[in-house]
Every structure is written in C-alpha cells, then in structure tokens.
Amino acid sequence: MNERLGCCAYGVLAGSFARMSPSPRSTSRRWDSSCANASQRRPLRVDPDGISRLLRCGQSGSCRECGNSIEWYVRDHERQVRLHPQELPADQVPEDCRWHVSSGVAYPAGDGSRWCRVPHAVLCPARPVPPSAPQLSGLRRSLALRTRWLLDAGAFVPSAVPSDGPLTGSVACRPARPIVQLLYVRYLAACPVDEIQCVAQTRHRHRCIATVLSPDATGGVWTLVPVSGAPGQLALPSDVMAVYSLSALSYQEQLRWRAQRCVQHDASRTAADLEVADWEPFDALRHHEFIRTRLPLHGRPSGPGCHARRWARS
C-alpha cells in the first residue's frame with residue numbers, strides 16, 4: 001500500500017515538474033520576443049529635390065513673443081510659417097485664416113475637410129487682435145492665460161525690445177540682430193553674424209554646433225546703404241543703415257548662407273535640417289528698431305583718406 005502511494009505521489013510530482021519546465025526556445029524569436037529574422041531597415045534620407053528638408057521631430061518650438069507652442073512648416077515658395085499645433089474645426093475659423101498641410105508643406109487655404117490649421121500670428125497674445133478673426137478670441141484668451149502662467153513661473157522670458165535711446169559703446173557696434181543681404185534680398189538675422197549656427201542634423205541626431213561663418217570660407221563685408229522702403233510707406237527713421245553684405249560671394253556660397261549650413265554639411269545633400277533657418281525678411285518700417293547707422297568696429301576702415309560710409313549699389 002505504501003509503495004502504491006509512493007508511486008502515485010512520484011507521478012504527481014513528475015507531472016508537475018513537466019508542466020513547470022520551460023517550453024523549447026523558438027529560433028525565430030529573440031529573448032525579448034522580437035523577430036530574429038527581420039530584414040535590416042533602410043535609413044531614411046531626405047530627398048535632395050524636395051521642397052522641405054526639415055524633419056517633423058525638429059519643427060516644434062515655442063514663440064519668442066508669448067512662449068506658447070508652435071510648429072514650423074515650409075511653404076510652397078520655401079519660406080516658413082508658424083502654425084498652431086492643434087487642428088481646429090473649419091467652420092469656427094475665418095476663411096482667410098485657414099491653412100492645410102500636405103506632404104509636410106503648408107498652404108494658405110482650406111483643403112475641403114472639416115478641419116484646418118491656423119497661423120500662430122492670428123492667435124499670439126503678444127500681437128494686436130486681428131479684426132477679421134473674432135471667432136478665435138476664446139483660444140487667444142487661453143493662450144494669454146498660459147503666457148501669464150509661464151511668466152509667473154519664470155519659465156519664459158520674452159525677447160527684449162531695444163530701447164529707443166541712443167546706444168553707445170560695443171552694443172551699438174555689434175548688432176544683436178544684424179541685417180544681412182544675400183541673393184539680392186535683405187534679411188533680419190536672429191543673432192550676431194558670427195553666432196549663426198548650422199541647422200543640419202549630425203550623425204548623433206543633434207544639431208550641428210558649427211557656425212555658418214567659417215574661417216576657411218570667405219565672409220561678407222559691412223557697409224552702409226540707403227534705407228529704402230516700399231512704395232507708399234511712411235517716412236523712415238533714418239537715411240542709412242549698416243548691412244552685412246554677402247553679394248560679393250559666389251551664388252553657391254550665398255545659397256549656403258540662405259540654407260544656414262556649415263561648409264561640411266553643405267557638401268552633404270542627404271543630411272536633414274533639424275531646425276528652421278532664422279532668416280526673417282527685412283522690412284524697414286516694421287524692423288526700424290534694429291536699424292544701426294554705424295558700422296561695427298571690425299568693419300570700419302581706418303587711416304587717413306578712408307571713409308566710414310560706403311554706398312552699395314541698389
């Protein structure tokens with residue numbers, strides 16, 4: 001009897017251990033259940049002939065005026081536009097404020113769907129209220145409350161507005177936002193010329209730390225040019241302004257500056273852009289606070305017979 005009970009107990013224990021033993025390992029799966037025979041993925045590359053070279057992960061940011069979130073998109077003529085991150089119902093947005101995105105390119109019109117995108121300039125609480133968009137006052141008020149919260153928390157500092165008084169010393173001789181002329185167009189840079197950073201993505205998926213102004217390449221020259229406004233504009237505050245002119249460079253070199261790329265990444269056509277180029281089309285009336293009537297110290301000619309003013313051909 002005891003022998004029979006022992007055999008039964010041994011059989012039960014053997015069956016339990018058999019059920020607890022691990023199942024045979026499959027050769028088609030790794031330890032983390034991922035497929036072991038998966039084909040190697042091809043790295044994504046930017047089309048050299050495409051309109052947009054920006055990656056979607058690198059086009060988000062915050063407004064310098066209000067601190068709210070924005071998304072950068074390239075337009076059909078290769079200029080950038082800031083859009084509100086969320087889509088809005090098309091019936092609640094004025095027709096002239098509707099935008100849509102197709103293949104990474106933004107177009108200033110609706111696409112016929114029930115949803116649309118809105119430019120951030122219409123909603124920015126730091127700008128005047130547009131009279132053509134009263135339906136967006138509620139969203140604009142919400143963004144204003146978030147700006148106030150960011151200011152109170154110390155998480156946002158608005159861009160400093162230059163004082164109206166005369167500037168002296170090195171501040172007047174080194175413009176914080178210089179006016180740059182390239183490809184026969186004048187732009188307002190976001191930082192001094194020697195600090196303009198390359199926007200390309202490195203192999204480690206970070207932004208390149210090199211500057212566009214390379215010691216191995218020829219740079220531009222500072223010159224005083226007449227301030228020319230658009231027909232019908234009001235009187236301008238000054239007659240001349242300091243401009244960093246790149247017109248003497250080759251066409252390819254000016255394209256490199258316009259793309260805001262360093263010498264190394266300009267030669268690589270497959271490297272994507274991680275940030276939006278900081279060039280803003282210059283308007284003499286709207287950007288009058290950035291006009292400087294003196295040349296920087298390193299751009300002034302010295303010695304007898306030299307003139308501080310050099311007029312560029314317009």
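We count residues from 1, following the sequence as given. Quick caveat, the model's predicted, so the values are computed rather than measured.
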Under the side-chain contact (heavy atoms from CB on, under 4.5 Å) criterion, do Leu183 and Tyr251 qualify, and how do the steps go? CA-CA 8 Å; Leu183 299 174; Tyr251 178 71; 3.7 Å; yes

The test is side-chain contact (heavy atoms from CB on, under 4.5 Å); show your working for Arg177 and Glu280 and say whether it passes. CA-CA 10 Å; Arg177 298 194 62 183; Glu280 182 179 356; 3.1 Å; yes

Walk me through it: do Trp115 and Leu88 pass the test side-chain contact (heavy atoms from CB on, under 4.5 Å)? CA-CA 6 Å; Trp115 302 90; Leu88 300 179; 5.6 Å; no

Give the intermediate values and the outcome of side-chain contact (heavy atoms from CB on, under 4.5 Å) for residues Cys124 and Cys66. CA-CA 7 Å; Cys124 185; Cys66 66; 3.8 Å; yes

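No side-chain donor-acceptor contact under 3.5 Å links Glu71 to the backbone of His84. Put simply, the side chain of Arg256 gets close to the backbone of Val212: a donor and an acceptor are under 3.5 Å apart. Side-chain N or O atoms of Gln260 include one that pairs as donor or acceptor with a backbone N or O of Asp278 at under 3.5 Å. Between the Arg207 side chain and the Cys198 main chain, a donor and an acceptor come within less than 3.5 Å of each other.
In terms of heavy-atom proximity, Leu213 sits nearest to Gly219 at CD1-CA, 4.1 Å. Summarising the geometry of Trp222 relative to Val193, their closest heavy-atom pair is CZ2-CG2, 4.0 Å, with the distance given to 0.1 Å. Scanning both residues, Ala200 and His265, for their nearest heavy atoms gives CB-CG, 3.5 Å. Residues Ile291 and Phe282 share a closest heavy-atom pair of CG1-CZ, 4.0 Å. Closest approach of Arg186 and Gln181 over heavy atoms only: NE-OE1, 3.3 Å. Considering all non-hydrogen atoms of both residues, Val180 and Ala189 come closest at CG2-CB, 4.4 Å.
Look at Arg117 and Glu87 and you find no salt bridge, because none of the NZ, NE, NH1 or NH2 atoms lies under 4.0 Å from a carboxylate O. By the 4.0 Å N-to-carboxylate-O rule, Arg98 lies too far from Asp111 to be salt-bridged with it. With respect to the salt-bridge test (charged N to carboxylate O, under 4.0 angstrom), the residues Arg258 and Glu253 do not qualify.
Between the SG atom in Cys262 and the CD atom in Gln197 there is a gap of 9.5 Å [rounded to 0.5 Å]. A distance of 5.5 Å separates CD1 of Ile196 from CH2 of Trp257, quoted to the nearest 0.5 Å. Atom CG in Asp239 sits 11.5 Å away from atom CG in Leu224 (nearest 0.5 Å). Summarising the geometry, atom CZ belonging to Arg261 is positioned 9.5 Å from atom SG belonging to Cys208; distances are rounded to the nearest 0.5 Å. Rounded to the nearest 0.5 angstrom, Ser69 OG and His120 NE2 are separated by 9.0 Å. In this structure, Ile209 CD1 and Thr202 OG1 are separated by 9.0 Å, a value rounded to the nearest 0.5 Å.
Here the side chains of Pro178 and Leu188 are not in contact, with every heavy-atom distance at 4.5 Å or above. The shortest side-chain heavy-atom distance between Cys63 and Arg82 falls under the 4.5 Å cut-off. Proximity of Tyr73 to Val101: side-chain heavy atoms (C-beta onward) are separated by under 4.5 Å at one or more points. Here the side chains of Trp279 and Leu182 are in contact, with some heavy-atom distance below 4.5 Å. Put simply, the side chain of Asp216 does not reach to within 4.5 Å of the side chain of Val263, judged on heavy atoms. Side-chain contact between Cys116 and Trp99: absent, with no pair of heavy atoms (C-beta onward) separated by less than 4.5 Å. Looking only at side-chain heavy atoms (C-beta outward), Arg294 and Arg292 stay at 4.5 Å or farther from each other. In this structure, the side chains of Val240 and Val225 stay at 4.5 Å or more apart for every pair of heavy atoms.
Screening residues 144-153 for side chain to side chain donor-acceptor pair (under 3.5 Å), with sequence neighbours left out, gives Asn68-Thr147.
The local environment of CG in Leu145 is crowded, with over 12 non-hydrogen atoms from other residues, nucleotides or ligands closer than 6.0 Å.
The aromatic rings of His100 and Tyr107 lie parallel to each other, their planes meeting at an angle below 30°, with 60° marking the opposite boundary.
For Glu195, the side chain to side chain donor-acceptor pair (under 3.5 Å) partners are Arg174, not counting sequence neighbours.
Clustering ILVMFWY residues whenever any of their side-chain heavy atoms sit less than 4.5 angstrom apart, transitively, puts Val81 in a cluster other than the one holding Leu143. No single ILVMFWY cluster, assembled from side-chain heavy atoms under 4.5 Å apart, contains both Trp72 and Val199.
For the residue pair His287 and Glu289, no side-chain donor N or O sits within less than 3.5 Å of a side-chain acceptor on the partner.
Residue Val93 is tested with Val118, Val122, Leu139 for a side chain to side chain contact (heavy atoms under 4.5 Å, CB included); the sole match is Val118.
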